[in-house]
Every structure is written in C-alpha cells, then in structure tokens.
Amino acid sequence: MTTIAQLPTAASVGANDLLPLSQNGALNSVKVSQLNAGLQPLLSVPMGDLLGRQSAGAGAPESLGVGAGLVLAGGVLSANGADHAGYPVQVNLSVGDDLVVSSAGVPGLLPVTALRGMFSAGAGVSINSGGVISATVSTVAGPAGFAGAVGPVGPQGPVGPAGAGLAAPAAGNSTSSIGANDYVAIWQNGTNAWMPYGQFIGGQTINQLPAAAAAADSDSLLVAQGSNALCVQSLGAVWSYLQTKLPSLKSGIVELTANTVLDSTAHNDRILIASAPLTLTANFLNMGAGFSCTLINLSVGTVTFGTGISSGSGASTLPPGASASLLGLSYSGGSLVWWNGVVSNVPTITVAPITAPGASVPFNVTGGVFNEAPRALDYSTDDGVTWQVAASPVITLDAYSFVVPGLSGGTYTVMVRDHANVAVVGVSNGFSILPPSVMFNAVANAAIVNMPISVSGTVTPTGAAVEVGWSSSTTVAPVSWVAASLTSNGWSAALMPSATGVMYLWAQQTAAPNVRAISGPVNVVTASLTISVPASGTVGMALTVAGTVSPVSDGVNLLLSTQNTMAPASGWLAATNAGGSFSIALTPSVAGTLYAWAQDPATGVTAVSSAIAVSAPAAVTYTINNPSGSYTHGLGVIPINGSVSPAQVIATQVALSASNNIAPTSGWQPASNINANTLWAIYYNTPAVAGNYYVWVETTAGTAQLVSNFTIAVS
C-alpha cells in the first residue's frame, strides 16, 4: 500500500485541489476551499499600520490611527509629547501644583513645595512656609555709628482740634455674644486703648476685691432672673424669700436598728425611730451646742441611754412606745447632751410583729418586758376570750419568746399576758392565715398535640411544692406529673399533650395531694393548614386565596412566590380568619408560574398551593375626558379622568404640558384605577404658571402614551 510519505510533493495548492476525507465510513474527496471555508483569512497588514477594530460588533480587524502625542515607528509605539501643546497655559505657579519628573527612568510627580528644599537661605535671609523671602537688616547693615549730640528742645506746637473720640458702633457690626479674645475700648492716661475682653472681665479674682463690712439687709447680690442677664437683689429680699420656704421644711426620719453614736451629720434635726432595742451614746464634739433630735421607741424592748447622755430624772432607759427629745447644750458648767420625756413606769409587755405563717404551721411569738418580771406567760388567739399557758417560754430581764402551735385559716392577733398579773397585756399586729390551696392562672382553651403549653398559678402556703399533669378526666388523676418551678407564692410549668381530644390540667401540692385544682377543658388538636388557589391569573389582577387552619383561632399569613420548595423568609401578609377558614386577595406583579404559601406563625406549620399560571396583562389603551371648567394657577386641583381598555389594574401616571408633541420630562402624578378598573382618575395639582395645557397619560412604565386633543385653560 502506498503511504502519504511516498506521494510526490505538490508544487502549489489551489482552491479547487482535492484532499481525501473519511465521511460516515466512506472515503470522499473535499476541495481545499471547502475545507478552509469559515476559517480566519490570512491577515495582510501594510507597513506602519496598527490593527484593531473600530466598527460596532464582531468582524475582521481594521487599521487604526494613533492620536496626537503618539508615534508608531519601527514597530514601536511611543509618546512624543506633541499632545502637550493643547494643554492650557498656567500663568502662575502655586504651592499646591505638581511637576512631572523622571527619576531613574521612572516617571513621577514632584510637589512644587519640594523644590524649596533644594535651596537654603543665606545669612540674613529667611524663606517662610508661604515662600516669602525676607532679609534681616542687622545682618546686612554696617555697624552702628556714634550717637550725635542731642539738639535743643523745640517750641511747643499749636494745640490741635478735639478728636472725635470712640466711634459709636456701626449698624452692621453689632454682636449677640462676646468671647475672651474680643476687644473692649478703654481710656487710659488720656489716650484711647483696647484690651482683651478675657482680661477685662476674667482677670480680676474674688480675693482682689475689698473686704466687706458686716452684712446688712440693704447689701446686694448678683442674680439672674428669667435669663442670663445679671441684676441686683438685696439680702433683705433673699431673707423674705427664705421665710416663705421655712413652713414647708420637714425633718428627716432616720431608722435605728442597732447601737448608735449620735452625730450632727446623720441625726441633727431628725426624727429618730428605734425599731429594735438598742443603746444610744453621744460624743459632744461630733454634735455641738444646739444639736437637737426627737427619739421615738417603736421597738418591743427598751432604748438605753449610754455614755455622753444625761437626764435630770436619773433614768437611763426609754420604754417601748415612749418618746424623748435630745439637746446638745453648752453653758458655764460645761457641755452635755440632755434628754427629757414623759416616761411611764407602768409594767409593760410588748409583742413583736408577726408574719403570717402557713396553716397548721407552728410559729414563734417574741416581745419585750418593761418594769415587769413574769415567771410564766399566757396567750390568746381569739381576742382574749380564751387563754392558753405558753409552753416552755424563754424569759429574760427584758424579753421573752415561746412557740404557738399551728392555727387554721383565719385572721388573728396574739395577746400575751403575765400569768401572775393578768392586767399586764401586750397585743400583736393583725395577720391572716390562708388555708392551703393551689390555683391556676388563666389556661388556654386549645393546645396542639406534641407541642408544650405554658401554665402558671399560685400556691398557699408560700413555697409549697406543686406538680402538674394532663388527664382526660376531671375525676381520674393524671398518670404522670411534672414538678413546677416556684417563685414566692407563684408556680409555673410547661407540659406537652401527647394525644388529641378534650383534656384537663391538674395541679396539686406535692406534699398534700388532696390540695388540688383542675382546669377547664382544653381542646388538643393536630396543627394543620390547607390552601386553595385559582389555576390562572393575570398580572395586576387580584387572586382570591382561601383555606383552613387548625387550631381554628390561629392567625394565618400568606404570600405569592415563584418557587414551591422552601417557605419564604419575609413578605407575609395577614389573612382574615373566620372560625378556622381564612381568605385573602393577593395581586401578582410578574407573569409566570407562581405559588401561594400559607404560614401559621403560632405553630410554625406551612403549606404551599398548586401552580398558578399568571399571564401578562392585556395591552392597554387610554382615552382622556375633557374636564372643562375654569382654573387658577397655583390654586386647587383639576379633576381629570379617562377610560382603561380592556379593564385592568394598571399603574398609570398623568402630566400636563404646554406641548402636544414632546412628552413631559417632569410633573408626572400617579392616577387611580376606579369603576371596576375601567377608568383612571386623578386630582391633578393646578400648575403654578398660567397657560393652556395638554393632558398626557401613560403607564408608569412609559407605555401606551396618549396626549389629549384639547387644552385646559389655566388663568
């Protein structure tokens, strides 16, 4: 077989020469012109030309010229600077200008200010930052010569006319404020002068002022009244003002709960309340003459007056319920703190405040004893009708305590008396004991299976443990319970119903299961959502979307989307829900296949509709009605309307123009669709300039444009 290498070499190749070609398994011939058809032709470029493409679209390369400042020679494109000739001439050189320089063959910019660094000023010469050159005279002048003799004093010249003095402020240079760097005119040694305002008003300190004599009612103070303008007020007027405030002055109240040393800062002119038995002492140096306070003993025991406090009666204690005045005194005999008050020596028993205990819970009763020494105590919880002997009371010199067995629910006071002297009786505060209970706060009447529901309530006594559970009956207790969280006398829990139907919530005290509460019926349902839509629609025309939701009271949100695989994250609109059936009107804004999504935000359940084929709106044709009437420029509005054919919801805009062949470029105002979308209408703001105006109408997209064949006259 002859190989290609054994064939003779062709001297030249033409367009009609043939080549072998395998096609669909058969050997065929093909012309060279057929094989090269569609290939890039061989480029032929004249010398000195630069190829590119300046025509629009794809195509063959074209010769390009080079602009001013460029030259193509020897295959090299280079800049010759010829384009600089067209640059504007800058007459003056500014310090903000830059010069083009070449540094080591690399082009760059040189700030004009950098040129200054190449020069230095010689002796007696300086160059400032603004480029100003100046000379120092002393460095260029010769040495000073000898001073000549002083000549005789000449005769006094004639006295000149009086000067104009300081000129009054001009009308245009008034000011509403003044600063420290402003200047104030002064007269000094017969000459006009100026000084900074800061030095004028702020340079004088208070210790430079002369000392004042003893104060008097006529002395004056600087005050500002209603503004920052200073005015004068006398000390006598200030005292009159203070006298009107004195009747409203109230003493402060300070509660004492532990042993206390009196001092003027915390206790002077105060009402002191002792809420616990304690000892008061005084350091006169910390109080001073004239110190005063009132002490009231509201504790169950005595207040003892200790070191530094004296009494003419010699008594050193203040019994419960008594009060005393304390005064700091200085006189020829010395300094002391004196207390006085009417103190009864009648034997007294007091009862400390009682906090209500739980029902049937024992509680402590404590109190104080004054001028009494009981050996045994009785107590009563029914206002003294019956008395019981306190079991094993603890009695000290001035206090006692014992335990009262638990009481049932009710309102009580506790009375305590000396067993041997029944006339000495103390009475406690009133308090109420509530029977044990557990209660629900409001419970929802519906729940969703396998979704938790939050419940809460109250419990008595405070802190009693509570447990809750689900049951399908009001008589059969739940099979399982959940421990509730406690906060003071409240409780809360979260439970998840596991079955549908009518269920009941139970709550009971963990330690006392017979103390319980049962809620009303709770309808447990499965969360669901259905949705129905029309099969087709038109852009701009509302679609009615409806469906059902469970629980029936839940709200439903809807929207249109171009996809049906993932619920949208935003853009939802609330539907109207009537007993579990919802509906809403949604208007598509684009053509294509759309889907309606529904969402129950309470349960998180979503649903998506079948496909809705949304077509583009029909082409619209407008007409324009002549509003007639008379209108005044810049006043009111012009009612204009026209038809929309075919009827459809389409965004429409209107403008007025003095021309009927060039559309307005501004002044467009949105129109409304009315009368079942068969009309467009607008109250157009009357033009600000009088004239005759044509009405232009079009879609907001700029289509279906129409201009009226009439004009509206605006006078």
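- No donor-acceptor pair under 3.5 Å is formed between the side chain of Asp554 and the backbone N or O of Pro601.
- The heavy-atom pair separating Ile453 from Ala444 by the smallest distance is CD1-CB, 4.2 Å.
- In summary, the aromatic rings of Trp470 and Tyr504 are positioned with their centroids too far apart to meet the 6.0 Å limit.
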Practice problem: Apply the test side chain to side chain contact (heavy atoms under 4.5 Å, CB included) to residues Val522 and Val443: give CA-CA distance (whole Å), side-chain angles for both, the deciding distance (0.1 Å), then the verdict. | Solution: CA-CA 8 Å; Val522 180; Val443 177; 4.1 Å; yes
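- Distance check, rounded to the nearest 0.5 Å: OG of Ser553 to CG of Asn445 gives 7.0 Å.
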### Message
Set out, in order, the CA-CA distance, both residues' side-chain angles and the distance that settles side-chain hydrogen bond (donor to acceptor under 3.5 Å, both in side chains) for Thr475 and Ser473, then state yes or no.
### Response
CA-CA 5 Å; Thr475 58; Ser473 170; 2.9 Å; yes
**Study point:** Full working for side-chain hydrogen bond (donor to acceptor under 3.5 Å, both in side chains) between Asn489 and Thr460
**Key:** CA-CA 7 Å; Asn489 68 332; Thr460 303; 5.8 Å; no
Exercise for review: Walk me through it: do His267 and Leu272 pass the test side chain to side chain contact (heavy atoms under 4.5 Å, CB included)?
Suggested key: CA-CA 7 Å; His267 306 119; Leu272 310 182; 3.8 Å; yes
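- Residues Ser456 and Asn441 have side chains that bring a donor and an acceptor to within less than 3.5 angstrom of each other.
- Using a 4.5 Å heavy-atom cutoff, the side chains of Asn297 and Ser323 are not in contact.
- For the atom pair OG1 (Thr526) and CG (Asn450), the distance works out to 8.0 Å, reported to the nearest 0.5 Å.
- Considering every non-hydrogen atom in both His419 and Val389, the closest pair reads CE1-CG2, 4.2 Å.
- In this structure, Leu280 and Ile309 have side chains that are in contact, with non-hydrogen atoms separated by less than 4.5 Å.
- When all heavy atoms of Ala391 and Phe402 are compared, the pair lying nearest together is O-CB, 4.3 Å.
- In this structure, CZ in Arg417 is found 8.0 Å from OG in Ser380, a value given to the nearest 0.5 Å.
- Pro513 places a side-chain heavy atom less than 4.5 Å from the side chain of Gln508.
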Derivation and outcome, side chain to side chain contact (heavy atoms under 4.5 Å, CB included), residues Gln599 and Leu558 = CA-CA 6 Å; Gln599 173 199 68; Leu558 292 104; over 6 Å; no
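- Judged by distance alone, the side chain of Ser227 and the main-chain N or O of Ala229 form a donor-acceptor pair under 3.5 Å.
- The main-chain N or O of Ser234 is never found under 3.5 Å from a side-chain atom of Ser220 such that the two would form a donor-acceptor pair.
- Between Tyr400 and Gly368, the closest heavy-atom pair is CE2-N, 3.6 Å.
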Point to revise | Derivation and outcome, side chain to side chain contact (heavy atoms under 4.5 Å, CB included), residues Tyr412 and Leu407 | key: CA-CA 9 Å; Tyr412 299 92; Leu407 301 175; 4.0 Å; yes
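- Atom OG of Ser330 sits about 13.0 Å away from atom CZ of Phe291, to the nearest 0.5 Å.
- Put simply, the side chain of Pro362 does not reach to within 4.5 Å of the side chain of Pro405, judged on heavy atoms.
- Checked by atom type, the side-chain pair Thr411/Ser432 shows a donor-acceptor distance below 3.5 Å.
- Using modelled atom types, one side-chain atom of Thr348 and one backbone atom of Val346 make a donor-acceptor pair closer than 3.5 Å.
- The minimum heavy-atom distance between Val525 and Ser550, with the atom names listed, is CG2-OG, 3.6 Å.
- With hydrogens and angles disregarded, a donor-acceptor distance shorter than 3.5 Å links the side chain of Gln509 to the backbone of Ser437.
- Here the options are Val254, Leu295, Ile253, the test is side-chain contact (heavy atoms from CB on, under 4.5 Å), and the partner is Ile271; only Ile253 passes.
- Put simply, the side chain of Ser299 gets close to the backbone of Gly301: a donor and an acceptor are under 3.5 Å apart.
- Side chains of Val300 and Thr366 form no contact here, defined as non-hydrogen atoms less than 4.5 Å apart.
- Side-chain atoms of Asp219 come within 3.5 Å of backbone N or O of Ala216 as a donor-acceptor pair.
- Asn429 contributes a side-chain N or O that, together with a main-chain N or O of Ile354, makes up a donor-acceptor pair within less than 3.5 Å.
- Taking the centre and axis of the six-membered ring of Trp506, the NZ or CZ atom of Arg516 falls outside the cone set by 45° and 6.0 Å.
- No hydrogens or angles considered: a donor-acceptor pair under 3.5 Å links the side chains of Glu255 and Ser275.
- Side chains of Leu278 and Asn259 form a contact here, defined as non-hydrogen atoms less than 4.5 Å apart.
- The backbone N or O of Asp382 lies less than 3.5 Å from no partner atom in the side chain of Thr386, so there is not a single donor-acceptor pair.
- Within 6.0 Å of CG on Leu397 lie no more than 12 heavy atoms contributed by other residues, nucleotides or ligands.
- Distance check, rounded to the nearest 0.5 Å: CG of Leu377 to CH2 of Trp387 gives 10.5 Å.
- Side-chain rings of Phe440 and Trp491 approach one another, their centers coming within less than 6.0 Å.
- The line from CD of Gln388 to OH of Tyr379 is 4.5 Å long, rounded to the nearest 0.5 Å.
- With contacts defined as side-chain heavy-atom distances shorter than 4.5 Å, the pair Ser401/Asn364 does not qualify.
- Taking 4.5 Å as the limit, some side-chain heavy atom of Thr317 sits within range of a side-chain heavy atom of Phe370.
- Within 6.0 Å of atom CE in Met439, 12 or fewer heavy atoms from other residues, nucleotides or ligands are found, so the atom counts as exposed in its surroundings.
- A donor-acceptor pair under 3.5 Å is formed between the side chain of Ser428 and the backbone N or O of Val414.
- Closest approach of Ala574 to Asn557, counting heavy atoms only: CA-OD1, 3.5 Å.
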